[in-house]
Trainee: 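Right, I'll just put the structure down here and ask away after.
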Amino acid sequence: MVHKHLAPGDVIIIRNEGPKGGPGMREMLAVTGALFGAGLGEEVALITDGRFSGGSHGMVIGHVAPEAAQGGPIAVVREGDVVNIDLPNRRLDLEVPAEEIRARLSRWRAPEPRYRTGALAKYARLVSSSAQGATCG
């Protein structure tokens with residue numbers, strides 16, 4: 001379900017879906033489908049440390065690294081923060097003073113792992129960043 005308060009120009013941040021946080025980079029097709037179903041697919045941006053399938057379209061930015069589960073910048077974005085997306089210059093900027101971002105990061109704590117045992121727990125412990133291919137090795 002798409003949040004009833006979304007409006008054109010809004011940005012949705014979905015975090016803790018990257019290689020470690022997911023673990024395994026779950027894809028966001030259901031979310032982009034819901035946005036288009038609500039008529040907001042071209043009006044609302046979606047930013048995630050997860051991934052998108054070939055079926056996703058619209059203003060989608062994925063594979064954000066470092067991911068939120070490792071203290072990457074999207075870990076400390078708060079509702080009401082302004083996110084500037086500059087496609088021509090390939091920039092994504094959080095319009096929050098640097099000292100505030102540093103303060104938020106200093107208070108940030110890693111989320112509890114979704115899995116404590118088994119293959120997914122081992123994968124989450126060993127996997128590299130999506131920026132390095134999300135490999136274990």
Side-chain angles (χ1 to χ4, degrees):
M1 180 177 142
V2 175
H3 193 278
K4 65 182 176 181
H5 298 293
L6 284 175
D10 283 351
V11 175
I12 298 170
I13 307 276
I14 298 180
R15 52 186 155 220
N16 299 313
E17 295 296 340
K20 287 187 178 296
M25 297 190 76
R26 292 185 278 192
E27 66 102 358
M28 301 288 128
L29 184 58
V31 180
T32 58
L35 284 170
F36 272 91
L40 294 169
E42 298 292 339
E43 305 292 331
V44 172
L46 174 59
I47 300 171
T48 183
D49 48 15
R51 67 179 177 86
F52 295 101
S53 71
S56 292
H57 56 286
M59 177 53 69
V60 295
I61 300 169
H63 292 238
V64 172
E67 67 179 281
Q70 293 184 292
I74 67 171
V76 296
V77 176
R78 294 182 181 165
E79 188 160 342
D81 287 348
V82 174
V83 177
N84 184 23
I85 301 169
D86 181 352
L87 291 179
N89 293 306
R90 300 177 52 95
R91 291 193 53 86
L92 182 62
D93 295 302
L94 180 58
E95 300 295 331
V96 172
E99 58 274 3
E100 173 63 17
I101 294 172
R102 281 191 296 276
R104 290 180 188 183
L105 285 169
S106 73
R107 293 186 300 269
W108 176 84
R109 298 295 172 256
E112 290 294 318
R114 288 187 174 139
Y115 303 93
R116 296 191 180 279
T117 61
L120 288 176
K122 184 174 183 178
Y123 174 83
R125 280 192 307 273
L126 299 175
V127 70
S128 67
S129 167
S130 63
Q132 281 80 45
T135 60
C136 293

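The structure presented is a predicted model; accordingly, all values stated were derived computationally and were not measured.
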Trainee: Mind listing the closest non-hydrogen atom pair of Ala103 and Ser106 along with its distance?
Mentor: O-OG, 2.7 Å
Trainee: Mind listing the closest non-hydrogen atom pair of Cys136 and Tyr123 along with its distance?
Mentor: SG-CD1, 3.6 Å
Trainee: Say you draw a straight line from OG1 of Thr117 to NZ of Lys122; how long is it, rounded to the nearest 0.5 Å?
Mentor: 13.0 Å
Trainee: Could you state whether Val83 and Ile101 fall into the same hydrophobic cluster, counting links through intermediate Ile, Leu, Val, Met, Phe, Trp or Tyr residues with side-chain heavy atoms under 4.5 angstrom apart?
Mentor: yes
Trainee: If you measure from CZ on Arg51 to CG on Leu29, what distance do you get to the nearest 0.5 Å?
Mentor: 9.5 Å
Trainee: Would Phe52 end up clustered with Ile14 when hydrophobic side chains under 4.5 Å apart are linked, directly or stepwise?
Mentor: yes
Trainee: Under 4.5 Å between any side-chain heavy atoms of Pro19 and Ser130, yes or no?
Mentor: yes
Trainee: Can you check whether Val127 reaches Met25 side chain to side chain, under 4.5 Å on heavy atoms?
Mentor: no
Trainee: Is it the case that the side chain of Arg91 and the backbone of Asp86 share a donor-acceptor pair, with hydrogens and angles ignored and the cut-off at 3.5 Å?
Mentor: no
Trainee: Any non-hydrogen side-chain atom of Ile85 less than 4.5 Å from a side-chain atom of Ile47?
Mentor: yes
Trainee: Do Val31 and Val44 share a hydrophobic cluster, counting only Ile, Leu, Val, Met, Phe, Trp and Tyr and linking them when any side-chain heavy atoms are less than 4.5 Å apart?
Mentor: yes
Trainee: Give a yes or no answer on whether the side chain of Ser128 reaches the backbone of Thr135 with a donor-acceptor pair at less than 3.5 Å.
Mentor: yes
Trainee: Can you see which heavy atom on Gln70 is nearest to which on Trp108, and at what distance?
Mentor: C-CH2, 3.8 Å
Trainee: Is there a side-chain contact between Val96 and Val76 in this structure, where contact means two heavy atoms from C-beta onward sitting under 4.5 Å apart?
Mentor: no
Trainee: With rounding to the nearest 0.5 Å, note down the distance linking NZ in Lys20 to CG in Asp49.
Mentor: 12.5 Å
Trainee: First locate atom OG of Ser129, then atom NE2 of His63, and finally report the distance between them rounded to the nearest 0.5 Å.
Mentor: 10.5 Å
Trainee: Please confirm whether the backbone N or O of Gly22 pairs with a side-chain atom of Arg114, one donor and one acceptor, at under 3.5 Å?
Mentor: yes
Trainee: Are Ile12 and Leu87 connected in the hydrophobic side-chain network, where two residues link if heavy atoms are under 4.5 Å apart?
Mentor: no
Trainee: For Pro23 versus Ala124, what's the shortest heavy-atom pair and its separation?
Mentor: CB-CB, 3.8 Å
Trainee: Check whether more than 12 heavy atoms from other residues, nucleotides or ligands sit under 6.0 Å from atom CZ of Arg90, and answer yes or no.
Mentor: no
Trainee: Taking Glu67 for its side chain and Gly21 for its backbone only, find out whether a donor-acceptor pair lies under 3.5 Å.
Mentor: yes
Trainee: Are any of the side-chain heavy atoms of Val60 and Met28 separated by less than 4.5 Å?
Mentor: no
Trainee: Could you measure the distance from the CD1 atom of Ile74 to the CG atom of Asn16? Nearest 0.5 Å is fine.
Mentor: 7.5 Å
Trainee: Membership question, hydrophobic clusters at under 4.5 Å side-chain separation (ILVMFWY): are Val11 and Leu35 in the same one?
Mentor: no
Trainee: Below 4.5 Å, heavy atoms only, C-beta onward: do Leu94 and Val77 meet side chain to side chain?
Mentor: yes
Trainee: Can you tell me how far apart NE2 (His5) and CD (Glu79) are? Round to the nearest 0.5 Å.
Mentor: 9.0 Å
Trainee: Got a donor-acceptor contact below 3.5 angstrom from the Thr32 side chain to the His57 backbone?
Mentor: no
